[in-house]
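Remarks on the structure that follows.
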Protein chains: 4
Amino acid sequence: MIVAMSVRATEEEIENVLKRLEHDGYAGQMSRGAERAVIGVIGTGFPEDYKDHLEVLPGVESVTRISKPYKLSSRDFKPTDTVIDVRGVRVGGGEFVVMAGPCAVEGREHILETAEAVGDRGAVMLRGGAFKPRTSPYSFQGLGEDGLRYLAEARERCGLPVITEVMEPSEVDLVEGFTDVLQIGTRNMQNFPLLRRVGQARKPVMLKRGMSATIEEWLMASEYILAEGNQDVMLCERGIRTFETMLRNTLDLSCVPMARRLTHLPIIVDPSHGTGKWYLVKPMALAAAAVGADGIIVEVHPDPDNAWSDGPQALTPDNFGDMMKALESVVEATGRRLWKVPATV
Amino acid sequence: MIVAMSVRATEEEIENVLKRLEHDGYAGQMSRGAERAVIGVIGTGFPEDYKDHLEVLPGVESVTRISKPYKLSSRDFKPTDTVIDVRGVRVGGGEFVVMAGPCAVEGREHILETAEAVGDRGAVMLRGGAFKPRTSPYSFQGLGEDGLRYLAEARERCGLPVITEVMEPSEVDLVEGFTDVLQIGTRNMQNFPLLRRVGQARKPVMLKRGMSATIEEWLMASEYILAEGNQDVMLCERGIRTFETMLRNTLDLSCVPMARRLTHLPIIVDPSHGTGKWYLVKPMALAAAAVGADGIIVEVHPDPDNAWSDGPQALTPDNFGDMMKALESVVEATGRRLWKVPATV
Amino acid sequence: MIVAMSVRATEEEIENVLKRLEHDGYAGQMSRGAERAVIGVIGTGFPEDYKDHLEVLPGVESVTRISKPYKLSSRDFKPTDTVIDVRGVRVGGGEFVVMAGPCAVEGREHILETAEAVGDRGAVMLRGGAFKPRTSPYSFQGLGEDGLRYLAEARERCGLPVITEVMEPSEVDLVEGFTDVLQIGTRNMQNFPLLRRVGQARKPVMLKRGMSATIEEWLMASEYILAEGNQDVMLCERGIRTFETMLRNTLDLSCVPMARRLTHLPIIVDPSHGTGKWYLVKPMALAAAAVGADGIIVEVHPDPDNAWSDGPQALTPDNFGDMMKALESVVEATGRRLWKVPATV
Amino acid sequence: MIVAMSVRATEEEIENVLKRLEHDGYAGQMSRGAERAVIGVIGTGFPEDYKDHLEVLPGVESVTRISKPYKLSSRDFKPTDTVIDVRGVRVGGGEFVVMAGPCAVEGREHILETAEAVGDRGAVMLRGGAFKPRTSPYSFQGLGEDGLRYLAEARERCGLPVITEVMEPSEVDLVEGFTDVLQIGTRNMQNFPLLRRVGQARKPVMLKRGMSATIEEWLMASEYILAEGNQDVMLCERGIRTFETMLRNTLDLSCVPMARRLTHLPIIVDPSHGTGKWYLVKPMALAAAAVGADGIIVEVHPDPDNAWSDGPQALTPDNFGDMMKALESVVEATGRRLWKVPATV
C-alpha cells in the first residue's frame, strides 16, 4: 500500500501517519519526491478498509492498494488453468463447451423435447431453471422440485449433464441432489450466505457476474466459494448495465481476455441474457468464441413465442442448429475445437 | 400495451399480431397512422414478459407498456402517504427522522457509548450492523447474535428503536426478535426469497435501493414485501453506481421527489454509503432534507479511525452534533420539523 | 406518438389533450382500455421535443414516440447497404477492411516506416493523427499540417488511402486536401457545426460513437452529415464509458449487429481505443470480425514504448502481423474475406 | 508516480524499469515489500501517458499517478476561492446567485417579457440560447445573431447581465460582443479548439460538465481555458448519464462539495437540464442551495407548453417565484444569502 501525502502536508502529519502504521503493525518507508512525501507500507493481510482508513488521516492525499484483494482465484496463487470435469465434459481445458436449454423448465415433455433438440444439434450440457428469480412477484416463479426432477430425467434420457440455478442457502441440498452444476444468478453474485453455502457443496458452481459488478468484485465473489473448499468454479459474463436502452444489457466481451490474465478459472459467456434479443445471440456467440471464452450458455426453446419466460431471447432449435454450424467454423479458426459428446456405439 | 408495426409490415403480419392477442385473451384495437399501423392492446394483468413476446413477432417495430408493473406500492393504488410507527417514531408522517449509529456493532461498550452519543445529539433511531455483507470473505463479518443482543440492550438504555440488517431468510426469525426495523441491504434488493420472508415478518422493513437498480425495479422489489402482507416498507436511497471513480457511489437525490410521485412509501436517504467520505455526509444530509426526504440514516462512530468497517464515512459524535444543528435549520426552512424524542419528565 | 392518460385522469384533462393536438395540427385517436384512456397521435414530422411537451400536460401518464427520429440513415429509408469507395477500397461491401497506423504522426520517417510495416502485413488503409484531441492542454497536440503532408507522402509511397481526424470546422478545408477519409472523434460526435461542415465535404467521413452516446444518438449525429449531402458515412464503435475501471472503455460489440438492423451505413470497430491495452486488441479484433463488423481500425507503432501518445494500446508490427493471420482465419470462417491490396504486377 | 512490480517479476525486469526511468530523466527509488518490489518515480512534469507507458513494461503490475494532472484550477495552486465579477454580480463570493431565462430566445417580445418576469422575482442574471446544439438536425437551432441582439436589449431594459452559449471557435467574437458570460455546453466540454478560443476571450466562461465526464476531466477541461489566460471560469453541474431512464440525467450534487475541495473555481448547478422535468426543478434547486453550490441556472418560460425547446423542464414565472421564496429560506438556513439586484432609487 502506498500513501501519498498532500503537497501541503506538515511534518507532524507525516509523522502521524508513520506512527499509525507502526501502531497497526506495519512498517512505513518514506520517500521524498520533488513535490511531496510518499510512504510505502510494508506488510501483508491488510484489512479490507485499511486503504480508506489511511485516506482520511490529516495530510493524506491518496492511498493506493498494490496487492490484489483476491487470492485463491488469482493466477499469482495458481498459474495453471483450472479444468472442471462435469460428468465427463471438461470445462476450461481448451475445448469450447456449449450449454443450451430453456430459460425455465415448463414441464416434463417440454424439457425432454428441448434436451433432445439441443443434444442432437451439438450442445453438451443442458440448462433449465426450476427456481426462477423474477423482477415481479406476479410472474411465473418456476416449477421448483418438479422442475429439478424433470431435468434429471432429461439427463438420463439424453446423457447431457445439467446446470440449474439455486437461489437460497436452504435450497442447496435439494438442488445439489439433482443437478451437475449449481448456477448462481447475477442478482445473487454478492449473496454471501449463498456463496458460502455452495462453497461447501460437492458440485461445480457457475458464478454469473453481477450486472453492475466490476471484474474485481466478481473475482472477490468467487473467493467466497473457493475459500469454503469448492475449487470447481466457472465464471459467466452475462452482460452489464450501461446507459444504452436499446439492449437489455451490454455484453462485455473484453472481460474474457482481461479476466483470463487475472484468474485461472474458466470463463463462459451468456449471449442470451447478454443481449435480450434472439437475433443478436448468434453474432455474439461467434464473437465469444473468437475472443477466447471457454464456452457459451444459450437459451433454446421449442416454441419461443409461447415460452413462459424470456422467450424473446430464446433461439428455436433450428436457429440453434444454424448457430452451431457457424460456431464450429469460428472455434476451429481460432485453433480450438467444440467439445462433443462421444457417439455411443 | 401499444404495438407499433414497422413501416414495412405486411397486412399478414398485422393480422398475425391481432390473432396472437386474441389467442392470449386480449383485444387488439387497430389505428392506422400516417406511416404505420398501431395496435392498442386492451386488457390487464399482462405477464411480465408479454411486451417482449410481442416485440419479436414479425413486422413489429416496438411495443410499449403503459401500465405500471407495480401495484401495491403505487400511488394509483393508495394515494395517501404511508406512515410507519416504529415504537412511537413516525416515519413518513411529515417530520424528518434521523437514524444514526455505527456501521457495525463492535462490542457491548461500543454500541452503548455510540447510542448515547447519537441520542444526546438528536438521533431518534439507532442503526448498527450485526450481520455484515462484505466484499471480501477475509473481512470482519459482524458479531452476529451477540451484536443483536447489544443493540437491544442499547435500546433499553437509551430508548431509541433499533434498525439492523438481515441477510438471509433463515435469520429473519432471530433478527426480528431483537430489532425494530429489518434492513435489506443494497446487494439483496433482488434477493427474492429474502424479500418474501421479511414480507411475512411483523416488523417494518427498510429496503435499500440496489446499486444499479432503476426506480421501477426498486418499487417492484418493494412489491414482493407488500404482496406478502407487510405494509410497513420504507425505501432508502444509498447511492448508485456510475462511471465516476472519485466517489464510492453517486447519491441520486432526484429519485426522492420522483419516487414520491409514484409511491406512497416513505423515502430515507443514506449519505454515508451514498458518498463514502465523512466530509461529504453533512452537505448531502442537508441536501436530502431540502429535497424532501422523510429522513436520513448516517454512520457515527466514537473513533472512526479505529472502526472495524467503513470508518472513512463515519462522523465523529461532534461532527454529528454539528450536522444536526445545520440540519434542523434546513428542515425548518422547508416548513417541516425534526422528529424529536420527547423529553422524559 | 401514443399518449397514455393516467388512471385518475379526468374527462376534462383528456379533452384538453385532444384540443392541444388539434391546435398543433395533429389528429388524436382515442381508445379506452380496461384501466385508462390512450390517445394515438396521427401525423408526421413531430418536433424533437413534442413527446416531452405532451408528457407534462395535466393527466398525462406517459408519451411514447413510435417513429424513429432519424431518417436518411435508416434502413426504412434506404434498405440496401451503403458501400463507400475509398480510392478503390470498398467499405461496407462484404469484405473486411483493416485500417492501421500510429495514434499520432510523429514525423516523416516515423509514418513512412509505419505505413510500410502495416501495408506489408495486410492493412489496406493508413490511420494517423495530425490534429490530436488531448485531455490535458499540456500534452502533445499533433504535428498539424506537417503531419498531413507526411501522411500524404506515405500514401504516395505505399498506395494506402489515408484516414485522419479533423477537430474544427475551419480546419476541414485543409484536412480534406490531404486525407481520403475525414475522421470525427468520439468527443466531437455531437459537435454539430463540425458535423455540418464535413457533411459539405467531398470526402467520406468516419463518425466515431460518443463515449456515452446511445445507438440512436449516434445515428442522429450521422443524420447531420447526411442531411448536408455527404452520403459516404461510416460508423465506428470505439468503446463506451461504464462503471468498470480496469479497462479504458467497454467495447460494445453488440452494437454492430444491432445498428446493422437499423441503418445501411458501414460499421467499423476500433479495438485499440475500445480497450486501451495492446494485449486485448487481438482478441477483440477477432471478435469484431466474428460479430460481423465491416472492418477494424487499429493502432500500430514501430516502437510503442516510445510512442508520443497512446503507446500502451498500440501493437508492434510483429504483433499486428500475428493478428492479421488469426483475423484472416476468423473472417473466412464467417464466409467473408479480407479486402486485399491487389498485388502490383 | 509509483510502479508496483508483479509478485513474479524477475530481477531483470526490475532493472529494466529502473533503466527506463533513468533514460527518461527520472530517478527511481526501490523499496522491497513483503510480497513485491515497488518503485517510486521522483520527478515532475510527467507526460499525460507516462503512467500507461510504464504499465506495459514487462513485470509491471500497476502504476499509480500521485500528482493531480490539473494545475491552474487546483486548490494546491490557488488556495483561495475565485470570485468572478459579472457586471457587478459576484459569483463565488459567498452569496447565492440565481440565473434564469428560457432555453432558447424565441423572439424579441419573448425574451423581454421573460427577462422582466425573472428579474421581478429575484433572478440576477438572464440566460437564453441564441445558438442551440440539438440532437436532431431537423429541430429549431436558435435565432443566431438576432437572438443575441434581443438578449442585449433585454439586458439594457432590465439590468440583468446575460449568459448565452457559444458553439464554435469562429463564433466567439460575435457572441462575446453581446453576452456577459460565455457558456460552453455539455457536448462541448472536450471541444478543445473551442476551449482554447474562449480562454482568449475577455468575458467569463461557464463550463458545463460533460454528461459522462469525471470530475477530474472537468477540471482538466477548465485547465484549457485557464492556460490561455482567462481566469474567470465557473463550473456548472448539469446532470450525468446513468442507467436510470426515468430521468433525463442524474444530477450529481455530491460533485459540488467534492469539487469544492479540489478547485477554487465557483460551482453552479443546473436543475433544469439535470432532471428534465419542471416538477423536479424546485426540490433539486433547494438541494443545490443546501449542498453549498454558488448558484443555480434554471429555465423559465412564460408559456412552457408552447416553448420551442425544452418546455417540459421550464418553470412558469409563477412557479419560479414560488421556488425563489423557498430558496431564500434554505439559503439563509445555511448561513448565506441570495445575491440581490440593488433596488434602484
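Just so it is clear, the model here is predicted, and its values are computed rather than measured. Numbers restart at 1 for each chain; the letters A, B, ... are given by sequence-line order, proteins then strands.
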Fill in the blank from the handout: Rounded to the nearest 0.5 angstrom, the CG-SG distance for Leu280(C) and Cys255(A) is 10.5 Å

Handout entry: Engaged part of Ile215(C) at the chain A interface, taking heavy atoms whose separation is under 4.5 Å
Key = both

Exercise for the section: Provide the closest heavy-atom pair for Ala290(C) versus Val330(A) in the form atom of the first, atom of the second, distance. Expected result: CB-CG1, 4.5 Å

Problem - Toward chain C, the part of Leu253(A) with a non-hydrogen atom under 4.5 Å - result: both

Handout entry: Residue part contacting chain C, namely of Leu327(A), when any heavy atom lies under 4.5 Å
Key = neither

Distance-only check: which donor-acceptor pairs of chain C and chain A lie under 3.5 Å?
from      : atom 1 : to        : atom 2 : distance (Å)
Arg209(C) : NH2    : Glu244(A) : OE1    : 3.1
Ile215(C) : N      : Glu244(A) : OE1    : 2.8
Glu244(C) : OE1    : Arg209(A) : NH2    : 3.1
Glu244(C) : OE1    : Ile215(A) : N      : 2.8

Practice task
Identify which part of Ala288(C) has an atom lying under 4.5 Å from any heavy atom of chain A, answering side chain, backbone, both or neither.
Solution key: neither

